[in-house]
Amino acid sequence: MAGSPILATRRAVLAGAALLPAFLPGALRAAEGAGALIRRPIPSSGEQLPAIGIGTSRRYEVEPVPEKIAPLREAVERFVALGGTVIDTAPSYGTAEDVLGQILQGGLREKVFLASKVSETGREAGAAQIARSFERLRTDRIDLIAVHNLIDPASNLATVRDLKAKGRVRYVGVTVWRDGQFAELEPLMKREALDFIQVNYAIDNRAAAERVLPLAAERGMAVMVNVPFGRDRLFKAVQGRELPPWAAEFDCASWPQFFLKYVLANPAVTCPIPGMAKIAYVEDNLGAARGRLPDAAARARMEAFIDAL
């Protein structure tokens with residue numbers, strides 16, 4: 001939101017001299033013409049998704065009135081115009097589902113891969129929450145519903161699978177947001193057939209790459225990545241620093257692209273979902289899904305660079 005210290009930190013980073021070229025109009029037009037977005041398959045179906053999505057936590061939790069929704073609508077429209085499709089939300093994100101439901105009216109819903117979550121305990125409560133999500137999002141079909149933070153997975157997975165069988169939900173998944181949940185996530189991944197997992201992973205928080213991401217690849221599960229910027233950690237770490245010149249070797253023009261390209265370079269990752277509430281952020285972040293990605297040597301160099309800060 002407007003007063004967020006995280007957004008203020010990102011604004012400070014994006015104002016740095018090393019990043020200005022990425023935001024000049026000519027550079028933006030060149031980026032748009034630099035090729036289609038990288039796409040990654042959902043292993044369970046083969047459906048291809050653009051490799052950067054929008055997360056709606058916090059930034060879309062605004063009062064659902066026209067003047068507050070207007071800039072978010074502009075960001076989503078720009079995202080779709082540039083080839084993005086994946087938008088992730090949740091009933092626990094305050095007003096985000098209501099706001100997104102308004103934004104997606106008028107033809108945008110059909111162009112978006114819409115993901116939400118369920119976070120209640122018990123079949124009845126979970127089903128009621130999902131029913132409210134359909135109402136708030138103003139849609140009769142949600143592409144993915146994931147069990148949020150592994151809350152009552154037995155009951156909630158059963159409910160979502162029933163909806164999938166009826167054609168109201170296309171994919172089933174689970175989410176976590178911190179390393180301490182991996183001990184519960186891994187056995188669940190081994191015993192359940194899941195289309196998606198959502199997990200925290202960033203260049204300064206690489207624990208998911210040790211076992212969770214390889215397990216997802218082995219089990220044929222798509223991977224959404226939340227907090228790919230480590231919330232504000234990474235922007236704070238590089239504030240005032242120039243992008244290293246060798247970042248150009250993998251077509252990287254800004255710090256946000258540096259962080260996202262690192263995440264995308266792991267082949268198990270399907271789609272990071274950073275928050276994007278402004279057109280400038282949409283244009284910059286989607287640049288991470290164009291051009292070359294860092295190879296193993298470049299990724300090691302990136303890790304060493306960030307670890308030394």
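FYI, the numbering just counts along the sequence from 1.
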Sequence neighbours left out, what passes salt bridge (charged side-chain N to carboxylate O under 4.0 Å, His left out) with [X]? Give chain and number order.
| X | answer |
| --- | --- |
| Asp204 | Arg233 |
| Glu303 | Arg206 |
| Arg136 | Glu97, Asp98 |
| Glu47 | Arg170 |

Tell me every residue that passes side-chain hydrogen bond (donor to acceptor under 3.5 Å, both in side chains) with Thr270, counting only those two or more places apart in sequence or in another chain.
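Result, side-chain hydrogen bond (donor to acceptor under 3.5 Å, both in side chains) vs Thr270: none returned.
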
All side-chain hydrogen bond (donor to acceptor under 3.5 Å, both in side chains) counterparts of Ser57, not counting sequence neighbours
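If we apply the side-chain hydrogen bond (donor to acceptor under 3.5 Å, both in side chains) test to Ser57, skipping adjacent residues, there are no hits.
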
Parallel, tilted or perpendicular for [X] and [Y], by the 30°/60° rule?
| X | Y | value |
| --- | --- | --- |
| Trp255 | Phe258 | perpendicular |
| Tyr262 | Tyr201 | tilted |
| His148 | Tyr93 | perpendicular |

Under the ring pair (Phe, Tyr, Trp, His ring centres under 6.0 Å) rule, what pairs show up with a residue in residues 67-89, not counting sequence neighbours?
none

Please, which pairs that meet ring pair (Phe, Tyr, Trp, His ring centres under 6.0 Å) have at least one residue in residues 203-228, sequence neighbours excluded?
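Found none.
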
Apart from Trp177 itself, what residues make up its hydrophobic cluster when side-chain heavy atoms of I, L, V, M, F, W and Y under 4.5 Å apart count as a link, directly or indirectly?
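Cluster partners of Trp177: none, it stands alone.
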
Which hydrophobic side chains are connected to Ile273, either touching it within the sub-4.5 Å cutoff or through other members that do?
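Other cluster members: Ile42, Leu49, Val86, Phe113, Leu144, Tyr171, Phe196, Met224.
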
Under the 3.5 angstrom rule, does the side chain of [X] hit a backbone N or O of [Y] as a donor-acceptor pair?
| X | Y | result |
| --- | --- | --- |
| Asp295 | Ala297 | yes |
| Gln129 | Gly126 | no |
| Asn200 | Asn226 | no |
| Lys117 | Thr89 | yes |
| Asn156 | Glu120 | yes |

Taking atom types as modelled, find out whether Glu63 and Thr95 have a side-chain donor-acceptor pair closer than 3.5 angstrom.
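No pair is found: no donor N or O on one side chain lies under 3.5 Å from an acceptor on the other.
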
Do Asp284 and Gln257 meet the criterion of a side-chain donor-acceptor pair at a distance under 3.5 Å?
yes

Determine whether more than 12 heavy atoms belonging to other residues, nucleotides or ligands lie under 6.0 Å from atom CZ of Arg211.
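Open.
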
Could you state the interatomic distance from [atom1] ([X]) to [atom2] ([Y]), rounded to the nearest 0.5 Å?
| X | Y | atom1 | atom2 | answer |
| --- | --- | --- | --- | --- |
| Arg290 | Asp251 | CZ | CG | 11.5 Å |
| Ile203 | Ile306 | CD1 | CD1 | 5.0 Å |
| Ile103 | Arg73 | CD1 | CZ | 6.0 Å |

Results of ring pair (Phe, Tyr, Trp, His ring centres under 6.0 Å) for Phe182 - residues two or more places apart only
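None.
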
Do NZ/NE/NH1/NH2 and the carboxylate oxygens of Asp143 and Arg109 come within less than 4.0 Å?
yes

Any salt bridge (charged side-chain N to carboxylate O under 4.0 Å, His left out) involving residues 155-167? Give me the pairs, sequence neighbours left out, ordered by first then second residue.
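Every pair satisfying salt bridge (charged side-chain N to carboxylate O under 4.0 Å, His left out) with a residue in residues 155-167: Arg123-Asp162, Arg161-Glu192, Lys164-Asp195.
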
